[in-house]
Amino acid sequence: MLCFNRYNMKQWFVKWLEDNRGLVVVLFCLPASFIFDVCLRFRNWVIRYLFSAPHQHNERVRTIQAAVRKWNDLPTENRRPMCTSRPNWLSLSTTFFQKKDCHQITVSLFDILNLDEENMIVKVEPMVSVRDVTDYLITRGYALAVTLEIGDATCGGLAMAVGMTTYSHKVGLYQEAVVSYDVVTADGSLIHVERDNEHEDLFSCLPWSHGTLGFLVALELKIIKVKPYIHLQYIPVKGKKNYCDKMRLLSGALDKLATTPDYLEATVFSKDEAVIMVGNFSYADKPGEMGKVNNVARWYKPWFYKHVETFLRTGGGDEYIPLQQYLLRHNRAIFWVVEAMIPFGNHPIFRALLGWLCPPKPAFLKFTTTPGVRAMTFTRQVFQDIVLPMTVLEKSIDIAEDLFDTYPILIYPCRIYDHGVNSGQLRPPREDQMCPGANYGMFYDLGVYGVPGKVKRKERYDSVKAMRSMESFIRQHGGYSFLYADIFMTKEEFHEMFDLTLYEQCRVKYGAVGAFPHLYDKVKPEINVFEVGRTWAETN
């Protein structure tokens with residue numbers, strides 16, 4: 001009876017938290033997150049201004065090499081696989097890899113090392129954040145070729161995983177903007193990895209490897225020249241086929257010689273309504289243009305996607321957004337995830353009084369996540385980025401609605417190149433997915449974030465069944481799941497989605513077997529998603 005009562009109390013408490021989530025977040029989470037963020041920013045300030053020393057980069061790398069060699073000197077039976085000592089809660093992954101089971105190596109490398117304006121390259125250490133490198137480059141008239149919208153993401157984390165943005169229809173995934181990697185391998189050696197040197201195999205496999213082939217200690221990234229503003233046009237489109245066709249046309253998916261905008265994205269608000277955004281660099285210096293400047297990142301401004309939604313009613317429009325604010329436009333609402341936490345968060349009064357507290361710090365949310373909260377979040381929410389070919393855009397909208405029934409949905413077009421035998425873990429685009437006459441196919445990121453419709457309606461929802469159905473669709477059409485999010489695949493299904501042939505060869509060649517976790521083991525959820533999902537589906 002006591003156990004039964006405890007179970008009922010737990011169920012009641014979980015239900016109360018769900019029903020009063022906004023109040024709990026505002027009264028407790030936001031203030032605590034703000035204090036947490038202040039402490040974290042102070043920590044980063046100390047690191048950046050008191051310990052920043054680009055001239056000591058080589059010495060710090062030698063320290064990492066020495067730590068790896070010390071691991072090699074351990075008795076074989078005492079060697080656990082290596083990983084970095086960076087806390088799980090500082091990563092943007094939804095999973096919690098069990099670092100306690102690994103031998104942790106400190107990789108504290110936070111400096112911007114060099115800006116090569118002649119060759120349009122910036123060299124950074126792996127822990128440099130997107131926000132820091134964006135601040136550094138924009139004041140000099142540049143930006144990364146691929147700039148993620150979340151400022152807390154790190155350059156190294158994106159390089160070892162994946163990144164995509166609204167410029168990707170021109171350049172491809174984040175990995176296409178990497179010129180070189182400096183890597184400490186399993187034996188403590190430091191190697192310089194380029195597309196065309198003796199380590200071209202490793203160059204192909206480091207993206208999507210999630211730190212399972214070596215320790216990244218520096219990388220060179222392509223940059224582009226920019227102007228201070230983005231002239232953004234909002235184009236509302238009715239009809240699924242109409243907005244899908246228009247995205248294929250504007251992205252250049254059908255014609256490699258087509259003139260394409262600098263930035264392109266679509267936000268789908270229902271199966272039959274979307275707003276397409278076309279952005280181009282601008283100085284906003286002509287008569288009347290400065291009057292159309294919109295500082296979208298100010299704390300009292302509507303969340304960006306809510307602002308975009310207004311153009312469904314007004315019939316479209318255009319404005320000029322300061323470049324840095326455009327690049328981080330989704331940061332305040334974490335796309336639209338914050339709405340699930342604070343349903344009234346976009347109300348003008350809330351924005352005016354407490355908008356400066358948003359968003360809750362992702363690191364804080366992970367830091368305070370208990371096993372119970374972890375289980376509840378993956379069974380009650382969806383947070384997935386999915387790469388699919390433009391040829392199935394309409395089908396993917398249909399299946400996303402059937403499985404998740406949550407809007408908005410994000411669409412970012414992106415080139416996926418066919419690098420042949422050097423394609424790494426990504427299977428090359430199929431022949432019918434290629435842009436005519438080009439060495440790439442036009443794919444897109446389907447971003448699905450939020451609370452599924454069945455959960456909102458308090459109906460039974462099987463998150464595992466839904467995600468496995470989506471993953472089956474992805475594999476069927478030659479797509480890929482972003483591995484920062486929970487995956488629900490068996491190892492065999494994972495091998496079907498990703499080609500690990502060259503990856504496995506690199507693990508042997510560079511001594512990673514036994515020295516670093518395997519990719520599947522690194523990215524799979526730390527909990528038994530099948531068991532937890534089944535239990536929640538049966539009892540809720």
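Taking the six-membered ring wherever Trp is involved, the centroid distance between the rings of Y449 and F335 falls below 6.0 Å.
From M341, atom CE reaches atom CD1 of I334 across 5.0 Å, with rounding to the nearest 0.5 Å. A distance of 6.5 Å separates CD in Q324 from OG1 in T134, rounded to the nearest 0.5 Å. We find the CD1-CG distance between I409 and D445 to be 11.5 Å, quoted to the nearest 0.5 Å. Summarising the geometry, atom CD belonging to E125 is positioned 10.0 Å from atom CD1 belonging to I112; distances are rounded to the nearest 0.5 Å. Distance check: D405 CG to K454 NZ gives 9.0 Å after rounding to the nearest 0.5 Å. With values rounded to the nearest 0.5 angstrom, D245 atom CG is found 11.0 Å from L250 atom CG.
Within the 3.5 Å criterion, the main-chain N or O of W303 finds a donor-acceptor partner in the side chain of N346. In this structure, the side chain of E309 does not engage the main chain of Y305 through any donor-acceptor pair within 3.5 Å. Although no hydrogens or angles enter the test, the distance criterion places no donor-acceptor pair under 3.5 Å between the side chain of N295 and the main chain of A297. Under the 3.5 Å distance criterion, the side-chain polar atoms of K256 are left unmatched by any main-chain donor or acceptor of A438. The main-chain N or O of K465 is found under 3.5 Å from a side-chain atom of S469 such that the two form a donor-acceptor pair.
For the residue pair E194/S180, the side-chain donor-acceptor check at 3.5 Å is not satisfied. For the residue pair Y444 / S251, no side-chain donor-acceptor distance below 3.5 Å is found, with atom types taken as modelled. Under 3.5 Å, the side chains of T165 and E149 contain a donor-acceptor pair of N or O atoms. Side chains of Y484 and D385: a donor-acceptor N/O pair is present below 3.5 angstrom, by distance only.
In this structure F203 satisfies the ring pair (Phe, Tyr, Trp, His ring centres under 6.0 Å) test together with Y181, sequence neighbours excluded. With sequence neighbours excluded, no residue satisfies side-chain hydrogen bond (donor to acceptor under 3.5 Å, both in side chains) with H330. Contacts of K301 classified as side-chain contact (heavy atoms from CB on, under 4.5 Å), with partners at least two apart in sequence or in another chain: N294, R298, R332. Partners of Y520 under the ring pair (Phe, Tyr, Trp, His ring centres under 6.0 Å) rule, at least two apart in sequence or in another chain, are F494. Listed by chain and residue number, Y503 satisfy the ring pair (Phe, Tyr, Trp, His ring centres under 6.0 Å) test with H518 (two or more places apart in sequence, or in another chain). In this structure D116 satisfies the side-chain contact (heavy atoms from CB on, under 4.5 Å) test together with N114, E118, N119, I121, sequence neighbours excluded. Residues meeting the ring pair (Phe, Tyr, Trp, His ring centres under 6.0 Å) test with Y234, sequence neighbours left out: H307, F311. In this structure, D262 has no salt bridge (Lys or Arg N to Asp or Glu O under 4.0 Å) partners at least two apart in sequence or on a different chain.
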Item to complete: Assess whether side chain to side chain contact (heavy atoms under 4.5 Å, CB included) is satisfied between L388 and L393, documenting all intermediate values.
Response: CA-CA 8 Å; L388 286 163; L393 182 52; over 6 Å; no
Worksheet item: Stepwise, does the side chain to side chain contact (heavy atoms under 4.5 Å, CB included) test hold for F383 with D486?
Response: CA-CA 8 Å; F383 202 96; D486 289 319; over 6 Å; no
Practice prompt. Decide side chain to side chain contact (heavy atoms under 4.5 Å, CB included) for S423 and D499; before the verdict, give the C-alpha distance in whole Å, the side-chain angles of both, and the deciding distance to 0.1 Å.
Written response: CA-CA 9 Å; S423 292; D499 184 355; over 6 Å; no
Discussion item. Show, in sequence, the C-alpha distance, side-chain angles and deciding distance for E117 and R140, and conclude whether the salt bridge (Lys or Arg N to Asp or Glu O under 4.0 Å) test is met.
Written reply: CA-CA 10 Å; E117 297 182 79; R140 293 163 174 81; over 6 Å; no
Worksheet entry | From CA spacing to verdict: side chain to side chain contact (heavy atoms under 4.5 Å, CB included), Y407, E401 | CA-CA 8 Å; Y407 288 95; E401 181 176 277; 2.7 Å; yes
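With contacts defined as side-chain heavy-atom distances shorter than 4.5 Å, the pair Q384/M470 does not qualify. Considering only heavy atoms from C-beta on, L115 comes within 4.5 Å of L137 through its side chain. In this structure the side chain of Y326 never reaches within 4.5 angstrom of the side chain of V296, judged on heavy atoms. Between L173 and C414, the closest side-chain pair of non-hydrogen atoms falls below 4.5 Å. Counting heavy atoms from C-beta outward, I386 and F473 have side chains that stay 4.5 Å or more apart. With contacts defined as side-chain heavy-atom distances shorter than 4.5 Å, the pair R380/V451 does not qualify. Contact annotation: the side chain of K292 approaches that of D318 to within less than 4.5 Å [non-hydrogen atoms, C-beta and beyond]. F443 places a side-chain heavy atom less than 4.5 Å from the side chain of Q433.
In this structure, E265 pairs ionically with R329, as a charged nitrogen and a carboxylate oxygen lie closer than 4.0 Å. A salt bridge links D182 with K123: at least one charged nitrogen is closer than 4.0 Å to a carboxylate oxygen. Salt-bridge check for K306 with E339: passed, with a basic side-chain N closer than 4.0 Å to an acidic carboxylate O. Using a cut-off of 4.0 Å between Lys/Arg side-chain N and Asp/Glu carboxylate O, D398 and K395 are scored as not salt-bridged.
Closest non-hydrogen pair, V382 versus P452, comes out as N-CD, 4.2 Å. Heavy-atom minimum distance, P429 versus G441: CG-N, 4.0 Å. Taking both residues in full, the closest heavy atoms of W356 and W299 are given as N-CD1, 3.4 Å, listed atom of the first, atom of the second, then distance. The shortest non-hydrogen separation linking A145 to V171 is O-CG2, 4.1 Å. Of all heavy-atom pairs between M390 and P413, the closest is CE-CB, 3.8 Å. Closest of all the heavy-atom pairs between G214 and V183 is CA-CG1, 4.0 Å.
Legend: ring pair (Phe, Tyr, Trp, His ring centres under 6.0 Å) pairs involving residues 131-176, not counting sequence neighbours, sorted by first then second residue: Y167-Y263. A side-chain hydrogen bond (donor to acceptor under 3.5 Å, both in side chains) check over residues 272-283, counting only residues at least two apart or in different chains, returns the pairs K238-E273. The salt bridge (charged side-chain N to carboxylate O under 4.0 Å, His left out) analysis of residues 154-181, with sequence neighbours excluded, yields the pairs E176-R195.
Atom NZ of K456 has more than 12 neighbouring heavy atoms from other residues, nucleotides or ligands inside a 6.0 Å radius. In this structure, K240 places its NZ atom where more than 12 heavy-atom neighbours from other residues, nucleotides or ligands lie under 6.0 Å away.
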Side-chain donor/acceptor pairs under 3.5 Å, residues 474-482, sequence neighbours excluded:
from	atom 1	to	atom 2	distance (Å)
Y480	OH	R427	O	2.5

